[in-house]
Amino acid sequence: MALKRINKELKDMERNPPCQCSIGVINNDPFHCKGLFNLTIDFPDDYPFQPPKVRFTTKVFHPNINDQGGICLDILNSKWCPTLSISGVILTICVML
């Protein structure tokens, strides 16, 4: 179920990418993606019922981003909802920056 949802969301993003954003699969594994903003996105096996793990792979100096690239964003933790999409998460990160 998770793989089907991830593939659908990736195809949706290819057709209609968020403004100034893109995402690609790492090593042909759709559970691990990378965006142009130097983010990694790791999907859990039970996605969309659990949030993806999103982090920056390069240093970003922002109060909501820790030294390891972890993002302090409620929709990636306690406020996650299965109706949220990767596109929406990326847009929220862009707005946060």
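Pairing each heavy atom of Met96 with each of Ile71, the nearest pair is CE-CG2, 3.8 Å. Residues Pro52 and Pro44 come closest through the heavy atom pair CA-CD, 3.8 Å.
Under the rule for a side-chain contact (heavy atoms from CB on, under 4.5 Å), the partners of Phe49 that lie at least two apart in sequence or sit in another chain are Met1, Pro82. In this structure, the side-chain contact (heavy atoms from CB on, under 4.5 Å) partners of Thr92, at least two apart in sequence or on a different chain, are Leu73, Ile75. Taking Asp12 as the reference, Lys8, Arg15 meet the side-chain hydrogen bond (donor to acceptor under 3.5 Å, both in side chains) condition, with sequence neighbours excluded. The side-chain contact (heavy atoms from CB on, under 4.5 Å) search around Asn77 returns none, not counting sequence neighbours.
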Verdict with supporting geometry, Arg5 and Tyr47, side-chain contact (heavy atoms from CB on, under 4.5 Å): CA-CA 8 Å; Arg5 170 78 180 258; Tyr47 179 82; 3.6 Å; yes
Step-by-step side-chain contact (heavy atoms from CB on, under 4.5 Å) determination, Val89 to Ile41: CA-CA 10 Å; Val89 169; Ile41 303 169; over 6 Å; no
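A donor-acceptor pair is defined here as one N or O able to donate and one able to accept, closer than 3.5 Å; no such pair exists between the side chain of Trp80 and the backbone of Asp74.
The closest side-chain heavy-atom distance from Leu39 to Thr57 is not below 4.5 Å. Side-chain contact between Asn7 and Leu3 is present, with heavy atoms from C-beta onward closer than 4.5 Å. Ile86 is listed as a side-chain neighbour of Met13, based on a closest heavy-atom distance under 4.5 Å.
The CZ atom of Phe56 sits 14.0 Å away from the CD atom of Gln68 when rounded to the nearest 0.5 Å. Ile6 CD1 to Leu10 CG: the interatomic distance, rounded to the nearest 0.5 Å, is 7.5 Å.
Note on residues 42-69: no pairs pass salt bridge (Lys or Arg N to Asp or Glu O under 4.0 Å), not counting sequence neighbours.
Below 30°, between 30° and 60°, or above 60°: for Phe43 and Phe31 the angle between ring planes is above 60°, a perpendicular geometry.
When each of Pro30, Cys33, Ser85 is tested with Glu9 by the rule side chain to side chain contact (heavy atoms under 4.5 Å, CB included), just one qualifies, namely Ser85.
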